[in-house]
Amino acid sequence: MLQLQIIRQDRDGVKKRLAVKYFAELGVVDKVLELDDQRKKLQLEFDNIQAKINTSSKEIGQLMAKGEKENAERLKQQVTSLKASLQPINNKLSETERELQNELVKLPNLPSQKVPLGKTPEDNVIIREGGNKPKLPAGAKPHWELIKQYDIVDFETGAKITGSGFPLYKGKGAKLQRALIQYFLDYNTAAGYTEYLPPFMVNETTAFGTGQLPDKEGQMYYMQTDNFYMIPTSEVPLTNIYRDEILKDADLPMKLTAYSPCFRREAGSFGKDVRGLNRVHQFEKVEIVQIVHPDTSYETHEEMVDHVEKLVQSLDLPYRILNLCGGDMSFASALTYDFEVYSAAQDKWLEVSSVSNFETFQTNRMKIRFKDTNGKSQLVHSLNGSSLALPRILACLLENNQSDEGIKLPLILHPYFGDSMLRN
RNA sequence: GGAAAGAUGCCGGAGUGGUUGAACGGGACGGUCUCGAAAACCGUUUCCCGAUGGAAAUCGGGACGAGGGUUCGAAUCCCUCUCUUUCCGCCA
């Protein structure tokens, strides 16, 4: 949620930045300011009357103590009529506050100055590329065939148990997942991230905090009986750890990591991209989150990108890093770099990580603050990134490293997997 | 799932209708003392909204789990909800 203060200070600037995201309803900005003015006026009116009521009430107490019952009764009547006049103002005030909130949450985060202009994924800017695309032998197979060949993921049985998009990992496939999770977590904790294992379902307030609600209900699985949502990423529970807290300057940065399964309904996405492991409803992911001082969040962003890049490099996969353009980035983000790995047999780039700076967009919703050196509290910045999402990594490992003997695994995974190759 | 108790500031913990934003203790911070530290002593320590002001600040309103209600006045009384603890049941 955008900070009201920023909108007040620079209405036109805000509109300009929103236009970079192709946000069409710029009238919301004016509406917000209008409601804000109205709110302030009502607040002032309310406060003045309430102040009178408060002083009179104290007086009544004193009169009663002195035994001046008649005077007390007279004052009581005055207060009663004051209260009656306060009622409609109070109603109007709460309604205005509600409306203001409803408008405010419609506004996406402002893209930072680093965000490239553009509307579609074609406008994303490639920051870096790394690794070498393998030369695959003739007859190389896409991962969905290799999966069958090595009998490591069973989609049909997953569909039988649950539904399509719920893969059932089996044997070496299950073990490789475990190995990757273990490695990613080790890698993150070695860099100073504290490991968590969070709840996989969250309540409404938590889902609101990171920006999943309102409006994105359709993307999450929902438990009606208990009013819980299955997490689409562990970013949601992790960032909410500090909801409604005021941290100490010295506590920053907070660095958190967690493995979790991620549940996504992927409503509205179907077609050719859903083949195999490219897009599924449940997948494994290790996430990193940082809560940082507002002055350093862009340095932190670079640091996190660097962290993820080295992780991808350690897997010997060809990759590229994209700076997402205004039209392609998410509602809550101020700057997003996507990591894609090259899936050779499909000849496709697959997104495996998305590292974003949310500035105060999430922390304003969650009221995560810190005391600065002057003792004033201000909002911290939040960032997160995947490190990494597993299915597409697996798809690339399978496709890029296939050979007659088996799937060659990157060196770093050998101790985790217990073998240098995935074989039949 | 059943029963009972409880939820107060950074923490512990008082407070059962009228200067209680909140006693007391602890912690943290600042100061005195000390070569330095400890101890002791003194002091400071919640947050949100608004008005005036350049700012420091001053003033007003709100917040004692959340939301409603009673009352001139609520941390204190009533209702609903959430959570915690203990006991019973069930159980990985």
Practice task
Give the rounded distance in Å between these two atoms: CD of A:Gln87 and P of B:rG69.
Solution key: 8 Å

Fill in the blank from the handout: Going 5' to 3' through nucleotides 47-63 of chain B and flagging B where a protein heavy-atom sits under 4.0 Å of the base, S where only the sugar-phosphate is that close, and - otherwise, we get SSBSS--------BSS-

Please table the atom pairs, donor to acceptor, closer than 3.5 Å between any side-chain atom in residues 45-54 of chain A and protein atoms at least two apart or in another chain.
{"residue": "A:Asp47", "atom": "OD1", "partner": "A:Gln43", "partner atom": "NE2", "Å": "3.4"}
{"residue": "A:Asp47", "atom": "OD2", "partner": "A:Gln43", "partner atom": "NE2", "Å": "3.4"}
{"residue": "A:Asn48", "atom": "ND2", "partner": "A:Leu44", "partner atom": "O", "Å": "3.3"}

Give every donor-acceptor pair under 3.5 Å between a side-chain atom in residues 375-384 of chain A and any protein atom, sequence neighbours left out.
{"residue": "A:Gln378", "atom": "NE2", "partner": "A:Asp372", "partner atom": "OD2", "Å": "3.1"}
{"residue": "A:His381", "atom": "ND1", "partner": "A:Ser297", "partner atom": "OG", "Å": "2.7"}
{"residue": "A:Ser382", "atom": "OG", "partner": "A:Gln362", "partner atom": "OE1", "Å": "2.7"}
{"residue": "A:Asn384", "atom": "ND2", "partner": "A:Glu235", "partner atom": "OE1", "Å": "3.3"}
{"residue": "A:Asn384", "atom": "ND2", "partner": "A:Glu235", "partner atom": "OE2", "Å": "3.2"}

Problem - Close approaches to RNA chain B from residues 199-210 of chain A, in residue order (heavy atom, under 4.0 Å) - result: none

Fill in the blank from the handout: Taken to the nearest whole Å, CG/A:Asp249 to C1'/B:rC29 is 15 Å

Exercise for the section: Quote, to the nearest angstrom, the C1' distance that separates B:rA22 from B:rU8. Expected result: 9 Å

Practice task
Between B:rG9 and B:rG61, how far apart are the P atoms? Round to whole Å, please.
Solution key: 23 Å

Fill in the blank from the handout: Hits for ring pair (Phe, Tyr, Trp, His ring centres under 6.0 Å) against A:His301, two or more places apart or cross-chain, chain-then-number order -> A:Tyr337

Going by atom type alone, with no hydrogens or angles, which donor-acceptor pairs under 3.5 Å involve a side-chain atom of residues 241-262 of chain A and a protein atom two or more places apart or on another chain?
{"residue": "A:Arg243", "atom": "NH1", "partner": "A:Thr206", "partner atom": "OG1", "Å": "3.0"}
{"residue": "A:Arg243", "atom": "NH1", "partner": "A:Asn240", "partner atom": "OD1", "Å": "3.0"}
{"residue": "A:Asp251", "atom": "OD2", "partner": "A:Lys248", "partner atom": "N", "Å": "3.1"}
{"residue": "A:Lys255", "atom": "NZ", "partner": "A:Ala191", "partner atom": "O", "Å": "2.8"}
{"residue": "A:Thr257", "atom": "OG1", "partner": "A:Asn188", "partner atom": "ND2", "Å": "3.1"}
{"residue": "A:Thr257", "atom": "OG1", "partner": "A:Glu287", "partner atom": "O", "Å": "2.8"}
{"residue": "A:Tyr259", "atom": "OH", "partner": "A:Glu284", "partner atom": "OE1", "Å": "2.4"}

Handout entry: By ring pair (Phe, Tyr, Trp, His ring centres under 6.0 Å) - contacts of A:Phe263 (at least two apart)
Key = none

Exercise for the section: Could you give the distance separating B:rC11 and B:rC47 at their P atoms, to the nearest angstrom? Expected result: 13 Å

Problem - C1' gap between B:rG31 and B:rG17, integer Å - result: 42 Å

Completion exercise
The ring pair (Phe, Tyr, Trp, His ring centres under 6.0 Å) partners of A:Phe339 (sequence neighbours excluded) come to none

Practice task
Using whole Å, report how far CZ of A:Arg243 lies from P of B:rA66.
Solution key: 14 Å

Problem - A:Glu266/A:Arg279 ion pair, N-O < 4.0 Å - result: yes

Problem - Distance-minimising heavy-atom pair for A:Phe184 and A:Ser387 - result: CB-O, 3.5 Å

Problem - Phosphate OP1/OP2 of B:rC10: any A:Lys248 side-chain N/O under 4.0 Å - result: no

Handout entry: Salt bridge A:Lys310-A:Asp306, side-chain N to carboxylate O under 4.0 Å
Key = yes

Handout entry: Distance, rounded to the nearest Å, where A:Gln77 contributes CD and B:rG73 contributes C1'
Key = 16 Å

Practice task
Could you work out the separation of B:rA5 and B:rU19 based on their C1' atoms and round it to a whole Å?
Solution key: 33 Å

Practice task
Would you check if there is a donor-acceptor pair between the side chains of A:Gln402 and A:Lys141 at a distance under 3.5 Å?
Solution key: no

Handout entry: Beyond-backbone contact of A:Gln3 with A:Gln9, side-chain heavy atoms, under 4.5 angstrom
Key = no

Exercise for the section: Round to a whole Å and report the spacing from CD of A:Glu59 to C1' of B:rC72. Expected result: 11 Å

Using a cutoff of under 3.5 Å, can you pull out all pairs of nitrogen or oxygen atoms linking the protein to nucleotides 16-21 of chain B, with atom names and distances?
{"residue": "B:rG18", "atom": "N2", "partner": "A:Ser57", "partner atom": "O", "Å": "2.9"}

Problem - For A:Tyr222, ring pair (Phe, Tyr, Trp, His ring centres under 6.0 Å) partners two or more places apart - result: A:Tyr229

Exercise for the section: Walk me through it: do A:Phe361 and A:Phe331 pass the test ring-ring contact (aromatic ring centres under 6.0 Å, His included)? Expected result: CA-CA 10 Å; A:Phe361 194 82; A:Phe331 187 79; 5.8 Å; yes

Handout entry: Rounded C1' spacing from B:rC64 to B:rA75 in Å
Key = 5 Å

Practice task
Using atom CD1 of A:Ile49 as one end and atom P of B:rG73 as the other, report the distance to the nearest whole Å.
Solution key: 15 Å

Problem - Spacing of the C1' atoms in B:rG6 and B:rG15 (rounded, Å) - result: 16 Å

Practice task
Could you give the distance separating B:rG68 and B:rU82 at their C1' atoms, to the nearest angstrom?
Solution key: 15 Å

Handout entry: Stems where RNA chain B pairs, listed by first number, each of three or more Watson-Crick or G-U pairs under 3.5 Å
Key = B:1-7 with B:82-88, B:10-12 with B:24-26, B:27-32 with B:40-45, B:46-52 with B:57-63, B:65-69 with B:77-81

List the atom pairs, with distances to 0.1 Å, where a side-chain N or O of residues 34-41 of chain A and a protein N or O form a donor-acceptor pair under 3.5 Å, not counting sequence neighbours.
{"residue": "A:Asp36", "atom": "OD1", "partner": "A:Arg8", "partner atom": "NH2", "Å": "3.3"}
{"residue": "A:Asp36", "atom": "OD1", "partner": "A:Arg39", "partner atom": "NH1", "Å": "2.4"}
{"residue": "A:Asp36", "atom": "OD2", "partner": "A:Arg8", "partner atom": "NE", "Å": "2.6"}
{"residue": "A:Asp36", "atom": "OD2", "partner": "A:Arg8", "partner atom": "NH2", "Å": "3.2"}

Problem - A:Glu359, A:Gln113, A:Glu303, A:Lys114 screened by side chain to side chain donor-acceptor pair (under 3.5 Å) with A:Tyr298, the one that passes - result: A:Glu359

